[in-house]
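Here is the structure we will look at.
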Amino acid sequence: MNFTLHIWRQSSADSEGHFETYEARNIPGEASFLEMLDILNDSLVTDGKEPVAFDHDCREGICGSCGMMINGRAHGPGRKQATCDARMRMFEDGQSITVEPWRAKPFPVIKDLMVDRRAFDRIIQAGGFISARTNAIPEANAIPVSKPAADEAMDAAACIGCGACVAACPNSSAMLFVAAKVSHLALLPQGQIERGDRVQRMVAQMDKEGFGNCSNNYACEAECPKEISVTHIARMNREFLRAKIYER
Amino acid sequence: MVLDSKIPEGPIEKKWTNHRFSMKLVNPSNRRKYSIIVVGTGLAGASAAASLADLGYKVLSFSYHESPRRAHSIAAQGGINAPKNYANDGDSIYRLFYDTLKGGDYRAREANVYRLAEVSGSIIDQCVAQGVPFARDYAGYLDTRSFGGAQVSRTFYARGQTGQQLLLGAYSALSRQIGAGQVIFYDRREMLDLVVVDEQARGIICRNLKNGAIESYAADAIVLATGGYGNTFFLSTMAKASNATAIWRAYKKGAAFANPCYTQIHPTCIPVGGEYQSKLTLMSESLRNDGRIWVPKKAGDLRRPNEVPEEERDYYLERMYPSFGNLVPRDVASRRAKEMCDNGFGVGPTKTAVYLDFSDAINRNGKKWIEEKYGNLFDMYHEITAENPYKTPMRIFPAMHYTMGGLWVDYNLMSTIPGLFVIGEANFSDHGANRLGASALMQGLADGYFVLPYTLPNYLASHSFKKIFAEQPEFKEIFSAVNAGTKKLLSIRGKTTVTDIHRELGKVMWEDAGMGRNAKGLKHALKRIPEIREKFWNDANVIGESGSVNLELEKAGRVADFLELSELLAADALHREESCGGHFREEHQTPAGEAKRNDKKFAYVAAWEYTGAGRKPVLHKEPLKFEYVKPSERSYK
Ligand SMILES: Cc1cc2nc3c(=O)[nH]c(=O)nc-3n(C[C@H](O)[C@H](O)[C@H](O)COP(=O)(O)OP(=O)(O)OC[C@H]3O[C@@H](n4cnc5c(N)ncnc54)[C@H](O)[C@@H]3O)c2cc1C
Ligand code: SF4
Ligand code: FES
């Protein structure tokens, strides 16, 4: 298959970026999107040109490193997919493909398609945990957890921290990411003690990082590779309200 | 070099308890005066950094990833073992100890393996307390399943994402400490060398991957938790960036490298599609609980799987191993699959695959049941191959997956360099010549949560430490060497891409030092590796500059190390004139084609000492003694 690629090139955080056009030739349909970029990069290197920089690692949709806007869609056209899961057979032969980095103020570009997503880590550092010290813990089966609660917590915990929700949102809101973690821990008995404090600290950090507000657009859920549901946002809002009431 | 394993005296079930009591302690108010560098934030590194910080030490944590949560551990699917005996099916610490030692084909230390089994129960407790959403039954208690090579149900899991959930647990503990200022996390830093001062590991030199700056960091002890070296084979199930640089450079600074030839091939991966392929995808071996492996009875059968009638299928594992069936250990399942394909029974377009069929399980328990257990794996398979595994059997083939070898460590997890500790997949300690499924996660977390937090403080309490500065000569010297190394890579300016050279190395390794090894092939590899290395240093095209993000430069540094490590791997494989676990020498097999050990000559750990560039490494042997389990032929019939 052949493709015409319009790829965002930006040499560093403070430089101006621009699109460059490349032709990708003889790409097998089974190749993943990232393997297609590998092939392009190999040809660039062979021609003595600088390859396109992008983040990736596991290449099986679990580490959350990859992430690009492909034809305006976070992680490309497929549903339930990270960028590395996308295969070239999903595109049409001869198609033009535009590739850009996540566009959001709290995710500054590092180079080309690589962005800085440390804001997510800082939100977790602010409270996205249960303060269980090593070894200061009860026996695992001492506290049963109902299967539905455990299953729903697992649904929320499946978030890979890729940032597609932010990139897809017109307001660059991080609500889905934050809600997934708040929900995961609020659903479990182990997470109860710190419940109120956790949600307040995480939301405060989220605001401090400059993520926008949620206007119920739901583009986040549509583009999330792990199908994190917006119902978690509703739960987070309840958690937040509950924390405020308890405070008073 | 002296290899002192420091195994404590006493009966095996008392060793760890006694040792813990005999170790020295650091007074709580003195702990913050010590600083510890932990390289890596996978299960081993994140759990160690969080636990040491919990104790009050100042921890400096490093990773080439931007976020600790992206470490390769995130990709583990199947589960984690612990002998909780919740299934009431006869499990115990002793049985897990026995299974792990036998699974490793009697090439691991009894004392280490026993301790691993002993502390593993606490890991589950710890993870549950952190909020890891393990699978549960309807009464709300933890569910378990049986997993590759075990006859008891001792594997805890979180759907097909166990590694992810365990890592997110350890990451949350680490994040808590970063938030509290007890851990400083240095993101996108690649450790490129180790600094030894007065025979103590005291620092590291890193490249800041964002701006190319070379940076020095000093501490009182160093922990490497940098994962395995499976990417030596180019195609593997490892994440793309996984590499051996940290352990390899430590080896060149004096840390012995143990059993480099013990590598594990995983039986259930999606077969290679073409040259473009950048990595191989694992299909969790938990699938073997419900999937049945078969090939057509007739060689070269071109029919589609659903057209092959039941009686014309050879469920060869069930036929050869009636009691373990499809659940035989990985090395056995892998070799049998290769044999089937070598003999012309392979299926699929490339004829290098066997079927993994779920139709029986779907008929028995329904599609929904399968979906709940393996949904994400089935989706992943579907996405990659465009075939629906609910309807047609999966095609699978073995792939490079895990490395049991690694830096040599004593019972305290300390390498031959004082103050340099090595944990997780990066060390060689507990799996012998073959690792059982669901026990890498167990070992990484055991090391990080429950072993190192005792043994490392003991080291701190029993040594004195000179004040050091990252500006002193020992640092400056290595700093300059690292700088020069980077310049050298950038000055090659040849024509072959680094990826092509890596792929070439991978082919040699897979063919000559992969699943089936023999003297001829290994000698061929030992001839080819230096040639490829020479090609690299003369003709690699390493583009760009050192002062900014440069992914090609990062890749080149890693491949340069693989090109050296691969030679040690092949030499170790050639010297080990026996078959054991994942190391299968075709010259040494039983008439039934099983691995044939030579306990008289090879019941030892092979620890290699670096002696300088271009010189042959020196072999040191740590004899293995078995007082509790008598080595026998590892039979799964
Ligand atoms: C696909 C797959 C599935 C698996 N499934 C299972 C399973 O079900 N059960 C099981 O028990 N095991 C499983 N394993 C094995 C297990 O996942 C690994 O052995 C284990 O996670 C390794 O953990 P680690 O902490 O030692 O290293 P890793 O998780 O590999 O972490 C290495 C860390 O070191 C850092 N690092 C490395 N080098 C440097 C450097 N030079 N400078 C700075 N940082 C560096 C990396 O950034 C990373 O943070 C699986 C493995 C694979 C590949
Ligand atoms: S919620 Fe979904 S889109 Fe957002 S970070 Fe998590 S996995 Fe990515
Ligand atoms: S590379 Fe890991 S999720 Fe895409």
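The shown structure was predicted, so the numbers you read here are calculated from the model rather than taken from an experiment. Numbers restart at 1 for each chain; the letters A, B, ... are given by sequence-line order, proteins then strands.
Minimum heavy-atom separation, A:Lys111 to B:Ser548: NZ-OG, 4.4 Å. Of all the heavy atoms in A:Ala150 and B:Arg136, the pair that sits closest is CB-CD, 3.8 Å. Residues B:Arg70 and A:Gly161 share a closest heavy-atom pair of NH2-O, 2.9 Å. The two residues A:Ile137 and B:Ala129 come nearest to each other via the heavy atoms CG2-CB, 3.1 Å. Across all non-hydrogen atoms, the minimal contact from B:Pro133 to A:Ala157 is CG-CB, 4.0 Å.
In this structure, B:Arg159 and A:Asp151 have side chains that are in contact, with non-hydrogen atoms separated by less than 4.5 Å. Between A:Glu60 and B:Gln77, some side-chain heavy-atom pair lies under the 4.5 Å cut-off. Looking at heavy atoms from C-beta onward, A:Asp121 lies in side-chain contact with B:Tyr171 at the 4.5 angstrom threshold.
With hydrogens and angles disregarded, no donor-acceptor distance shorter than 3.5 Å links the side chain of B:Gln161 to the backbone of A:Ala158. The backbone N or O of A:Ala140 sits less than 3.5 Å from a side-chain atom of B:Asp125, completing a donor-acceptor pair. Side chain of A:Arg59 to backbone of B:Thr281: no donor-acceptor contact under 3.5 angstrom is found. Side-chain N or O atoms of A:Glu30 include none that pairs as donor or acceptor with a backbone N or O of B:Ile384 at under 3.5 Å. Remark: side-chain polar atoms of A:Asp38 are not paired, donor with acceptor, to backbone N or O of B:Ser278 under 3.5 angstrom. Judged by distance alone, the side chain of B:Gln130 and the main-chain N or O of A:Ile130 form no donor-acceptor pair under 3.5 Å. A donor-acceptor pair under 3.5 Å links the side-chain atoms of B:Asp54 to the main chain of A:Thr134, judged by distance alone. In terms of modelled atom types and a separation under 3.5 Å, the side chain of A:His184 and the main chain of B:Gly131 share a donor-acceptor contact.
To the nearest 0.5 angstrom, A:Phe129 atom CZ is 11.0 Å from B:Leu174 atom CG. One distance of note links SG of A:Cys84 with NZ of B:Lys279; it measures 9.0 Å at 0.5 Å rounding. Taking CG from B:Asn211 and OG from A:Ser12, the interatomic distance works out to 11.0 Å, rounded to the nearest 0.5 Å. The CD1 atom of B:Ile543 sits 8.5 Å away from atom CG of A:Leu44, with the distance rounded to the nearest 0.5 Å. Residue A:Ile124 holds its CD1 atom at 8.5 Å from OG of B:Ser67, rounded to the nearest 0.5 Å. Rounding to the nearest 0.5 angstrom, the gap separating the OG atom in A:Ser65 from the CZ atom in B:Arg69 is 10.0 Å.
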* To do: Give the intermediate values and the outcome of side chain to side chain contact (heavy atoms under 4.5 Å, CB included) for residues B:Leu55 and A:Arg133.
  => CA-CA 9 Å; B:Leu55 288 168; A:Arg133 276 184 296 134; over 6 Å; no
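Only the side chain of A:Met114 comes within less than 4.5 Å of a heavy atom in chain B; its backbone stays farther off. Both the backbone and the side chain of A:Ala31 come within contact range of chain B, with heavy atoms under 4.5 Å apart. A:Arg118 touches chain B through backbone and side chain together, each having a heavy atom under 4.5 Å away. With a threshold of 4.5 angstrom between heavy atoms, A:Asp47 does not approach chain B through any atom at all.
Under the 3.5 Å distance criterion, with hydrogens and angles disregarded, a donor-acceptor pair is assigned to the side chains of B:His65 and A:Asp57. Looking at B:Ser175 and A:Gln125, their side chains never bring a donor and an acceptor atom within 3.5 Å of each other.
Of the listed residues B:Ala386, B:Cys127, B:Gly163, the one with more heavy-atom pairs under 4.5 angstrom with chain A than any other is B:Ala386. Contact tally against chain B (heavy-atom pairs below 4.5 Å) for A:Ile110, A:Thr46, A:Asp42, A:Leu185: the top residue is A:Asp42. By number of non-hydrogen pairs under 4.5 angstrom with chain A, the leading residue of B:Thr499, B:Asp187, B:Asn550, B:Thr496 is B:Asp187.
Residues of residues 445-454 of chain B lying under 4.5 angstrom from chain A, judged on non-hydrogen atoms, are B:Tyr449, B:Phe450, B:Tyr454 in numerical order.
Using a cut-off of 4.0 Å between Lys/Arg side-chain N and Asp/Glu carboxylate O, A:Asp55 and B:Arg188 are scored as salt-bridged. Under a 4.0 Å N-O distance rule, the pair A:Lys80/B:Glu383 does not qualify as a salt bridge. Salt bridge annotation for A:Lys147-B:Asp137: absent, with no cationic side-chain nitrogen under 4.0 angstrom from a carboxylate oxygen.
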Side chains of residues 187-196 of chain A: which donor-acceptor partners sit under 3.5 Å, not counting sequence neighbours?
unit_1: A:Gln192; atom_1: OE1; unit_2: A:Arg195; atom_2: NH1; d: 2.8
unit_1: A:Gln192; atom_1: NE2; unit_2: A:Ala186; atom_2: O; d: 2.8
unit_1: A:Gln192; atom_1: NE2; unit_2: A:Leu188; atom_2: O; d: 2.8
unit_1: A:Glu194; atom_1: OE1; unit_2: A:Ser131; atom_2: N; d: 2.8
unit_1: A:Glu194; atom_1: OE2; unit_2: A:Ser131; atom_2: OG; d: 2.5
unit_1: A:Arg195; atom_1: NE; unit_2: A:Glu239; atom_2: OE1; d: 2.8
unit_1: A:Arg195; atom_1: NE; unit_2: A:Glu239; atom_2: OE2; d: 3.1
unit_1: A:Arg195; atom_1: NH2; unit_2: A:Glu239; atom_2: OE2; d: 2.9

